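Everything on this sheet refers to the single structure shown next.
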There are 2 protein chains.
Amino acid sequence: MNDSAVGASPKEAAKQALPRLADVAAHAGVSAKTVSRVVNNEANVRPQVRAQVLRSVAALGYRPNAAARALVTQRTHQIGLIATASSLYGPTAGLFSLEQAAWKAGYGLTLTTVREASEAQLEEAIHYLMVRGVEGVIVSGVAGALHLEASALTDMPLVTTSPITTESAKYVLVDSDQVAGTRTAVRHLYDSGHRRIAHLAGPLSWDSAAQRRDGWLQEVEDLGLNPGPLLEGDWSPKSGYEAALTLDRAAATAIVVANDHMAMGAIRAFTEQGMRIPNDISVIGFDDVPEAAYQMVPLTTVRQNFSSVAERSVRELIHLIEGREAEDTSIHLPTELIVRASTAPYFGSLA
Amino acid sequence: MNDSAVGASPKEAAKQALPRLADVAAHAGVSAKTVSRVVNNEANVRPQVRAQVLRSVAALGYRPNAAARALVTQRTHQIGLIATASSLYGPTAGLFSLEQAAWKAGYGLTLTTVREASEAQLEEAIHYLMVRGVEGVIVSGVAGALHLEASALTDMPLVTTSPITTESAKYVLVDSDQVAGTRTAVRHLYDSGHRRIAHLAGPLSWDSAAQRRDGWLQEVEDLGLNPGPLLEGDWSPKSGYEAALTLDRAAATAIVVANDHMAMGAIRAFTEQGMRIPNDISVIGFDDVPEAAYQMVPLTTVRQNFSSVAERSVRELIHLIEGREAEDTSIHLPTELIVRASTAPYFGSLA
DNA sequence: TCTACTTGATCGCGCTGCCCG
DNA sequence: ACGGGCAGCGCGATCAAGTAG
């Protein structure tokens, strides 16, 4: 029983020596049920007994077994997180905020990833999490506009960052206000005198990329301008670089880029072509990654507050878990334009 | 029973309608045990019966309940991940690789974070994970050299990225070879003619920062040079910027920086002071973040292969879980010097 | 009759809910 | 007001029992 020899089976190794409720009960000289009461802070235990039990708990280092508890209470206090497997700044930035917010609310996080944002993979991931008894699911950074059969969810509370169509009543969307973000960016350029404003979008299969493009387009049109060229990248600096090389120089005096990393690539491309930033072209990014302020040309950008999105997501999910009606099923958190040195006023061509 | 009214308790909501083994058994007209056999791919079930059970499983959408299974088998096939709560590139870069590697090996990931790398917080995190029945723990990106009482672990298999002293036999360290990384960087500068080589370190309470500094120092001394100035930042671009402003310009013709983001801040600071990169000073970063290649001055850097570290970590952990002896308890994966435009040969002062 | 294969009844994992003293 | 007994959450393990060759 007590052999600590090598080659012990995982079974023995995993649970080896973990004290159980009954051990504490024996140690304290009370019943198992009383220990349970103390551990769960229930009433009707004399302070004296409670103290004794607590002493035994401490002495043995007892912690209640989560699986057993989950089995009987049907609650796990776990939240499932489905993320797309990529190391993009956006998707990862909120991750730890998510965990911390969940922790504060008394929930743990079970993580799973999908390689691509297909209905099939999403449903598979949700099932994986359901089996593990998660009480709600957050889908973060998954690309497209998907449809989810309510049957697949069995009323699982769900919060996502990009819109999903579903019959489920327990569903809330939480995201930065992407449209307003790029609108603000366009507006800033307009106010600085720019009239030919291009857009370098993310992969348009991503909802957030499409929305940023929509914001650009809407604002440009509301301002009565002809939209400048629309380019598309894949979020990577490399794709920003390559897309920028294709930009017709005469067609734009400014460009709104869908994320900072593509903006960096674009700036590099413009520079290689002999253009100066911001003199020859103004560039605005999106995200405000930490290094944006410390580029050779500090980057003007639209800051997303990822930790706010994360915290709000957890809050909304827990509301759904607790059965409260969501007041607003589509929540858009504000972004903030951070003006640095990659944008400048445009006074018109002298030619 | 079937009310789908709002305000259902979490208990009902979470488990609502999930079919159990007994449901499948009834549907298929066999005993629960037979369903269990089929689900677990055990032998000795007639193909005909197996097919029928499988049909019932599909029809009801049955999935075995993980908590119940864990309770009886004492196995969860879950790996616990302890990460430091920060959105630094390094710690997050390997996260999804970790999840994918675990998934491939048939394990899930339970995530928890610590705010700071203290013994107390680590032990708390490990206990949190133990209660959830994880079979092993990976500690990623936690800073210092900590000591862990074996008693706290109860022989929990453990893989970390920075060294921990512990009595536990089931412990393996997996990391990039930090020392070799900065040694290579210094060597490259030396071979290019540099003789006054400074170092901008990360926070030296972090083991990885200390090791990179050690690599720099060792190589400099092995080459018979006097070490250049040693500066310290906190990994952020801002701290790199500020530290670089304090560098005595005459004291160094090159600087090895402990990560790319500080290097970016440093380059910005040097540029503001009228120095050109690499003409007036060569700069080498560490990590090879995606945007490093697309800076205005593409950054020479030491690439870490985060996904290799993640995959190897999972592999080693699973070996430990399976009771195999670790062949090597300290594994250092190679880094690669990526030479770009922020370094140049130095031909000596003409003064 | 004996062996090989296939199936099922019962128990218990660790804990909490209900009910009783 | 306080404490304990008992059942059962959903599953897999053990062992016994059944069927065919």
Side-chain angles (χ1 to χ4, degrees), chain A residues 1 9-12 14-54 56-57 60-77 130-133 135, chain B residues 9-12 14-53 56-57 60-77 130-133 135:
Chain A
M1 220 32 184
S9 76
K11 173 169 174 168
E12 291 156 36
K15 292 288 170 175
Q16 184 193 30
L18 276 194
R20 297 154 309 151
L21 197 57
D23 298 326
V24 179
H27 187 273
V30 297
S31 76
K33 180 65 221 190
T34 299
V35 177
S36 172
R37 282 198 181 91
V38 172
V39 168
N40 294 297
N41 260 315
E42 289 175 25
N44 298 337
V45 180
R46 268 181 305 157
Q48 197 177 342
V49 175
R50 184 179 297 273
Q52 172 55 37
V53 170
L54 253 18
S56 296
V57 165
L60 300 180
Y62 169 76
R63 305 264 188 140
N65 177 298
R69 220 178 218 185
L71 194 58
V72 62
T73 61
Q74 304 291 65
R75 299 213 50 183
T76 57
H77 291 278
M130 282 178 76
V131 160
R132 272 152 188 79
E135 300 184 22
Chain B
S9 77
K11 174 169 174 169
E12 292 155 37
K15 294 287 171 175
Q16 184 193 28
L18 275 196
R20 297 153 310 150
L21 198 53
D23 299 325
V24 179
H27 187 274
V30 297
S31 77
K33 180 63 219 186
T34 298
V35 178
S36 171
R37 281 196 182 92
V38 171
V39 168
N40 293 298
N41 258 313
E42 288 175 26
N44 299 337
V45 180
R46 268 184 307 157
Q48 198 177 342
V49 175
R50 183 181 297 274
Q52 172 55 37
V53 170
S56 297
V57 165
L60 300 180
Y62 170 76
R63 305 263 188 139
N65 177 299
R69 224 180 214 185
L71 193 57
V72 63
T73 63
Q74 303 291 64
R75 298 213 51 182
T76 56
H77 291 278
M130 283 177 76
V131 160
R132 272 152 188 78
E135 299 183 23

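A note on names: the letters A, B, ... follow the listed sequences, proteins ahead of strands, and every chain is numbered from 1. Remember, it's a predicted structure, so these values are computed and weren't measured experimentally.
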(message) Looking at A:R37 and C:dG17, is any side-chain donor or acceptor paired with a base atom of the opposite kind under 3.5 Å?
(response) no

(request) Could you please name the option among D:dC2, D:dC9, D:dC11 that lies closest to any side-chain atom of A:R46? (result) D:dC2

(message) Tell me the interatomic distance from A:L18, atom CG, to C:dG14, atom P, rounded to whole angstroms.
(response) 10 Å

(request) Decide yes or no for A:V38 and A:V57: does some side-chain heavy atom of the first lie under 4.5 Å from some side-chain heavy atom of the second? (result) no

(request) Would you kindly check whether a donor in the side chain of A:K33 faces an acceptor in the base of C:dG17, or vice versa, at under 3.5 angstrom? (result) yes

(message) Just N and O in the side chain of B:Q74: are any of them under 4.0 Å from OP1 or OP2 of D:dG12?
(response) no

(message) As a test of reading the structure: which of D:dG12, C:dC15, C:dG14 is closest to the side chain of B:N40, going by heavy atoms?
(response) D:dG12

(request) Rounded to the nearest angstrom, tell me the gap between atom CG in B:N44 and atom P in C:dG8. (result) 13 Å

(request) Show your working on side-chain contact (heavy atoms from CB on, under 4.5 Å) between B:N40 and B:R69 and close with a plain yes or no. (result) CA-CA 11 Å; B:N40 293 298; B:R69 224 180 214 185; 2.9 Å; yes

(request) Could you pick out which residue, B:S31 or B:A68, lies toward the 5' side of DNA chain C when each is mapped onto its nearest nucleotide? (result) B:S31

(message) The side chain of B:T34 is closest to which nucleotide in this list: D:dC11, C:dG14, C:dG8?
(response) C:dG8

(request) Report yes if the side chains of A:R50 and A:V53 come closer than 4.5 Å at any heavy-atom pair, otherwise no. (result) no

